Engineer: 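One structure coming up, written as structure tokens, with questions to follow.
Both backbone and side-chain heavy atoms feed into the values below; hydrogens, waters and symmetry mates do not. Since this is a predicted model, take the numbers as computed values, not measurements.
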2 protein chains.
Amino acid sequence: MQRMTRQREVIRDAFERLGQPLSVQEAFEAAQEDLPQIGVATVYRAINDMVDDGWLVPVDLPGESTRYERAGIGHHHHFQCNGCGRVFDFEGCPGDLGRLAPDGFEVDSHEIILYGRCARCVTDS
Amino acid sequence: MQRMTRQREVIRDAFERLGQPLSVQEAFEAAQEDLPQIGVATVYRAINDMVDDGWLVPVDLPGESTRYERAGIGHHHHFQCNGCGRVFDFEGCPGDLGRLAPDGFEVDSHEIILYGRCARCVTDS
DNA sequence: ATAGATGCAAAGGGTTTGCACTTGA
DNA sequence: TCAAGTGCAAACCCTTTGCATCTAT
């Protein structure tokens, strides 16, 4: 069974509070603000356990190390900001992508990633 | 200036012959068939030089190490086979993805990845 | 009390780099 | 000739693991 330690509490809070996909490094830095002595290995282990529990799901973007976000938010895709590098969710997606594949190929699923500038980076520039 | 060695020749040939995005490992294995004593470091260096020369471009897919393909084939996206893991190009893409982003966000570019089974894996199963 | 969690440091896996040797131009 | 390229092994970076210690339950 899973124990609720101070470490796991601050990690869980980081995901709940920030509400966006976080890398281990981002979660680690957020956790360090509340618990400076926390180690990275602890964050890796806690996050992997949360994925096994089904509380987090991995979010893989091209060329980036895996991020994680709260499970159960339904079909959606991701936006990555070219300014700050952060990742955001967005809903909606164009239907019928299957027809784009080459003849004879079967499409089961898809991924869409948008790149640009998030609202904050647009305002700041 | 760039010299044409036997090593770089077999690496270049692998990309021309196979005509699909190749990881360093895939290019290394293809090169080894013609030149068994070739080292991985050579393949890494040759590929990085070919990217610098503009002859190859990186192809990053979620959760995968970088692949590379011939530059200059125009706007396209990638299909990854869940059976054999290989990556294929496809043309066409749904217009106007920008409207999907959250309010206040600016979209500059996008990536679409389709997953499923390639023609060969569909036939084999 | 005791199994699970932690922190540290060592081990892994993939990529890059230093160096002495080889080779294309 | 001689600088670019090569192969090997060491160095790196990120992630995982082993282990002694700590701590929720």
Engineer: Measure CE/A/M4 against P/D/dT25 and give the value in whole Å, please.
Structural biologist: 8 Å
Engineer: For D/dT6, take OP1 and OP2 only and decide whether either is under 4.0 Å from a side-chain N or O of B/T5.
Structural biologist: yes
Engineer: A/R12 has an atom CZ; how far is it from atom C1' of C/dA5, in whole Å?
Structural biologist: 15 Å
Engineer: Check every atom of D/dT25, D/dT6, C/dG7 against the side chain of A/Q37 and return the nucleotide holding the closest atom.
Structural biologist: C/dG7
Engineer: Run the side chain to side chain contact (heavy atoms under 4.5 Å, CB included) check on A/I11 and A/V43 step by step: do they pass?
Structural biologist: CA-CA 7 Å; A/I11 294 165; A/V43 181; 4.1 Å; yes
Engineer: Starting from B/Y115 and following side-chain heavy-atom contacts under 4.5 Å between hydrophobic residues (I, L, V, M, F, W, Y), which residues can be reached?
Structural biologist: A/V59, A/L61, A/V87, A/I113, A/Y115, B/V59, B/L61, B/V87, B/I113
Engineer: Distances under 3.5 Å only, N/O to N/O: pair up the protein atoms with those of nucleotides 14-16 of chain D.
Structural biologist:
{"from": "D/dT15", "atom 1": "OP2", "to": "A/Y44", "atom 2": "OH", "distance (Å)": "2.1"}
{"from": "D/dT15", "atom 1": "O5'", "to": "A/Y44", "atom 2": "OH", "distance (Å)": "2.9"}
{"from": "D/dT16", "atom 1": "OP2", "to": "A/N48", "atom 2": "ND2", "distance (Å)": "3.4"}

Engineer: In whole angstrom, what separates A/R8's CZ from D/dC22's P?
Structural biologist: 19 Å
Engineer: Between B/Q20, B/E111, B/E69, which is the residue that forms a side chain to side chain donor-acceptor pair (under 3.5 Å) with B/H78?
Structural biologist: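 Only one of B/Q20, B/E111, B/E69 forms a side chain to side chain donor-acceptor pair (under 3.5 Å) with B/H78, namely B/E69.
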Engineer: What about the rings of B/H75 and B/H110, do their centers lie closer together than 6.0 Å?
Structural biologist: yes
Engineer: At less than 4.0 Å, is any side-chain N or O atom of B/Q7 found next to OP1 or OP2 of D/dG7? Yes or no.
Structural biologist: yes
Engineer: Specify the separation, in whole Å, of atom OH of B/Y68 and atom C1' of C/dT15.
Structural biologist: 9 Å
Engineer: Determine whether the side chains of A/E64 and A/Q80 contain a donor N or O and an acceptor N or O closer than 3.5 Å.
Structural biologist: yes
Engineer: Output the rounded distance in Å from CZ (B/R67) to P (C/dT15).
Structural biologist: 11 Å
Engineer: Is the number of heavy atoms from other residues, nucleotides or ligands within 6.0 Å of CD (B/E9) greater than 12?
Structural biologist: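 Yes - once you tally the heavy atoms of other residues, nucleotides and ligands closer than 6.0 Å, there are more than 12.
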Engineer: Whole-Å distance between C/dT15 P and B/I47 CD1?
Structural biologist: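 Atom-to-atom, B/I47 to C/dT15, this comes out as 10 Å.
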Engineer: Who else is in the cluster with A/V107 when I, L, V, M, F, W and Y are joined by side-chain contacts under 4.5 Å?
Structural biologist: A/F79, A/F88, A/F90, A/L97, A/L100, A/F105, A/I112, A/L114, B/F79, B/F88, B/F90, B/L97, B/L100, B/F105, B/V107, B/I112, B/L114
Engineer: Measure from CG on A/D52 to C1' on C/dA5 and round the result to the nearest Å.
Structural biologist: 15 Å
Engineer: I need the CZ-C1' distance between B/F28 and C/dG14, as an integer number of Å.
Structural biologist: 13 Å
Engineer: Do A/R45 and C/dG7 share a donor-acceptor pair, side chain to base, under 3.5 Å?
Structural biologist: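 Indeed, a donor on one side and an acceptor on the other fall under 3.5 Å apart.
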Engineer: Does any N or O donor sit under 3.5 Å from an N or O acceptor when you compare the side chain of B/R3 with the base of D/dA3?
Structural biologist: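 In this structure, the two groups form a donor-acceptor pair.
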